Each structure stands twice: as structure tokens, then as C-alpha cells.
Amino acid sequence: MQAQEIHAAIRTVKREIARWPDPVVGVVARQSGRDPFLVLISCLLSLRTKDKTTAEASERLFALAVTPATMQTLTIPIIERAIYPVGFYRTKAKQIQQICAQLLERYQGRVPDKIDELLTLPGVGRKTANLVVTVGYEKPGICVDIHVHRISNRWGYVKTKSPDETETALRAKLPRKYWITFNDLLVPYGQHLCQPVSPLCSQCKIAAYCDRVGVTKSR
DNA sequence: AAAACGGGGGC
DNA sequence: GCCCCAGTTTT
């Protein structure tokens, strides 16, 4: 994909994803008025976990508590039962308690809006931190998850080996006006059409610009 | 049986 | 850089 073709590609993806349901974090953000705390927790739950599983777990957990102060009072077994069976549910239950405690202790129960501060919280890496900044606070950031990494490379827009490298490359190349929403666009596209294995290239309206890097079989 | 799931942390 | 975390669904 040529640099100038990114505009048409993004426009097309934006139109196409309207056919599919929002990813969980987007739903949580919309329903809560972009509550950064709920964005943070639902993002944590989503790591290595299918969207549908994350949605059910978030619903159960948020029925019990929606603020750091109240969520901190939940016991580990209660949290584990609520979020099961998301990936690494035991680790995440502990991290949720620790996150709540640290938010109350260090930030008066508020979620930081700076990447560096978010990265000090347990279980929060670059993907989660950038998602909180972009979705929760609508501030400039590039959230690179496995979908953004895979599709950016498949298009040939960047040539990188890891999500962290992809973030660096996109910060240098992707026009700033797309930073905040790039992840929101590519995640549903990756979930429903541009999947890891046998993507639906015959239905893809940007196949003309796509280099199909790493695509061996498609449908 | 293996890959995939919107990674992160400890070493 | 390598390995671990963890259970469910899809191929």
C-alpha cells in the first residue's frame, strides 16, 4: 500500500464496519460516557480473550461495582467468579484489586491520562495504556493490538515484527487525524473480515491496495 | 492436535 | 530475547 492510499483505505473500513457490532471496549465507553476506569478494566479483561467472553465478564463485574472504591471491596473469589472464563482470570482478579488500590492511593481514585503513569499500574502495558488515553480521554495516541499490527503489515503500510515496532512506525507515518480512531476501525475489521487465517479477501473493498503480506490462503 | 483469543510481566 | 500465565472455541 502506498502512503497516500491510507486515506481511501480508512474511509472504506469506516463504512464497512458499520455492518458489525462494536467491540466490547467501545460498547463500554459509549454506555458509560467514556468512563476511563471502565474502559481500563474492560480492556484488561479483553487481553487474550474473545470479544464475546469479555462482554459477558464485563457485564457481570460491572453489575457488582463500577468505581475503584467499590470494586476494591470485592474479594478475589468474587471477582474471579464474575470474570471467569476470560484468559488468565486469576492473574487479572489480583491485578484488578491492585489497580483499584493504587488508583485510590496515588490518584485519588482517578485514572491517569498519561501513558507513563498508566504503565506503572499492574497489568497495564502499551496497548491498554493507549486505549485508555484514546478511548477514555479522546487524547492523541496509537493503540496497537494484534489486529492493528496484523492489518497494517498485511496492507504493506508498515513492515514490522512486533506491535511495539508497529506503534513506533505508525507514529512516524500515520496522519495524526487518524491516531485516536485507527484502533477502533481496524479491530472490528480484523474480527469480522481481515482475520488472521483465511481472511475474506473476496469481500474486501480495499483489496486493490492491499499487499496481502503473509496471506497464504484467503476466501 | 493446534491455533487463536483486541498482552503483559519477570527474568 | 524467552518463558509463563489459562481456559474456551475454532480449524
Side-chain angles (χ1 to χ4, degrees), chain A residues 13 16-17 20-30 36 38-61 76-77 79-99 102 112 115-136 141-155 158 160-168 170 179-200 214-219:
Chain A
V13 168
E16 290 300 304
I17 64 171
W20 304 308
D22 276 349
V24 186
V25 177
V27 174
V28 168
R30 181 155 37 76
L38 298 186
V39 170
L40 170 57
I41 299 298
S42 60
C43 181
L44 181 71
L45 294 178
S46 78
L47 305 184
R48 307 303 297 163
T49 305
K50 296 247 188 217
D51 214 48
K52 186 167 175 292
T53 309
T54 306
E56 293 165 356
S58 306
E59 198 169 332
R60 285 193 300 271
L61 180 60
I76 296 286
I79 299 177
E80 287 183 352
R81 209 168 303 141
I83 67 178
Y84 183 88
V86 301
F88 313 123
Y89 68 99
R90 280 186 190 141
T91 306
K92 288 176 185 174
K94 290 177 195 150
Q95 288 173 337
I96 286 170
Q97 263 204 343
Q98 292 170 355
I99 287 172
Q102 292 188 21
I115 299 285
D116 290 345
E117 292 178 336
L118 288 162
L119 289 176
T120 66
L121 297 170
V124 177
R126 297 207 64 81
K127 183 246 172 180
T128 307
N130 272 300
L131 201 66
V132 169
V133 168
T134 56
V135 176
I142 297 181
C143 173
V144 177
D145 56 36
I146 199 63
H147 293 298
V148 173
H149 175 63
R150 181 183 65 255
I151 298 175
S152 297
N153 275 281
R154 201 169 263 181
W155 284 351
V158 300
T160 53
K161 294 192 316 181
S162 72
D164 282 353
E165 278 183 51
T166 302
E167 187 188 331
T168 303
L170 288 177
W179 281 24
I180 291 181
T181 54
F182 198 58
N183 175 275
D184 300 335
L185 300 175
L186 262 54
V187 169
Y189 206 69
Q191 288 174 334
H192 297 279
L193 194 152
C194 195
Q195 294 114 335
V197 178
S198 48
L200 309 178
V215 178
T216 51
K217 51 180 177 182
S218 64
R219 288 182 280 170

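What you see is a predicted model, and the numbers here were worked out from it, not measured in a lab. In what follows, chains are A, B, ... by sequence order, proteins preceding strands, each numbered from 1.
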Among residues 123-131 of chain A, which residues get a heavy atom nearer than 4.0 Å to DNA chain B? A:Gly123, A:Val124, A:Gly125, A:Arg126, A:Lys127, A:Thr128, A:Leu131
Going from CZ on A:Phe88 to CD1 on A:Ile83, what distance comes out if it is rounded to the nearest 0.5 angstrom? 12.0 Å
Atom CG of A:Leu44 and atom C1' of B:dG6 are separated, to the nearest Å, by 12 Å
By nearest-nucleotide position on DNA chain B, the 5'-leaning member of A:Val135 and A:Leu119 is A:Val135
A:Thr53 side chain to A:Asp51 backbone, donor-acceptor under 3.5 Å: no
Is a donor on one side and an acceptor on the other found under 3.5 Å between the side chain of A:Lys94 and the backbone of A:Ile76? no
Residue pairs meeting salt bridge (charged side-chain N to carboxylate O under 4.0 Å, His left out), one or both in residues 115-136 of chain A, sequence neighbours left out, come to A:Arg126-A:Glu167
Identify, residue by residue, the members of residues 161-168 of chain A with a heavy atom below 4.0 Å from DNA chain B, and return them in order of residue number, or none. none
About how many Å separate OG1 of A:Thr128 and CD1 of A:Ile99, when rounded to the nearest 0.5 Å? 8.5 Å
Hey, is the main chain of A:Cys143 close enough, under 3.5 Å, to the side chain of A:Asn183 for a donor-acceptor pair? yes
With sequence neighbours excluded, tell me which residues meet side chain to side chain contact (heavy atoms under 4.5 Å, CB included) with A:Glu165. A:Thr160, A:Lys161, A:Ser162
Quick one: label A:Ile151 by what it contacts on the DNA or RNA (base, sugar-phosphate, nothing), any heavy atom closer than 4.0 Å. nothing
Spacing between A:Tyr189 atom OH and B:dG6 atom P, to the nearest angstrom: 18 Å
Ring geometry between A:His192 and A:Trp20 (parallel below 30°, tilted from 30 to 60°, perpendicular above 60°): parallel
Measuring only between side-chain heavy atoms, which start at C-beta, is A:Pro188 closer than 4.5 Å to A:Glu16? no
Summarise how protein sits on nucleotides 4-11 of chain C as a single string, 5' to 3': B when a protein heavy atom is under 4.0 Å from the base, S for sugar-phosphate-only contact, - for no contact. -BBSS---
Between A:Val39 and A:Ala29, what is the shortest heavy-atom contact and its length? CG2-CB, 4.1 Å
If I pick the P atom on B:dG6 and the same atom on C:dC3, what distance separates them, to the nearest angstrom? 25 Å
Quick one: on DNA chain B, does A:Ser46 or A:Leu121 contact a more 5' nucleotide (nearest heavy atom)? A:Ser46
Integer-rounded Å distance: B:dA4 P and A:Asp145 CG: 15 Å
Got a second to check how far A:Ile17's CD1 is from A:Leu186's CG, nearest 0.5 Å? 9.0 Å
Find the distance A:Lys94:NZ to B:dG10:P and express it as a whole number of Å. 13 Å
Tell me which nucleotide among B:dG6, B:dG9, B:dC5 gets nearest to the side chain of A:Gln191. B:dG6
Kindly express the pairing pattern of DNA chain B in dot-bracket notation, using | wherever a base pairs with another strand and counting only Watson-Crick or G-U pairs under 3.5 Å. |||||.|||||
How far, in whole Å, is B:dG10 from C:dA6 if one measures between their P atoms? 14 Å
Can you tell me how far C1' of B:dG6 sits from CD1 of A:Ile41, to the nearest Å? 16 Å
Report the residue from A:Val24, A:Val86, A:Val25 that forms a side-chain contact (heavy atoms from CB on, under 4.5 Å) with A:Ser58. A:Val24
Polar pair under 3.5 Å, donor/acceptor by atom type, side chain A:Asn183, base B:dG6: yes
CD1 on A:Ile79 to CD on A:Gln97, rounded to 0.5 Å: 5.0 Å
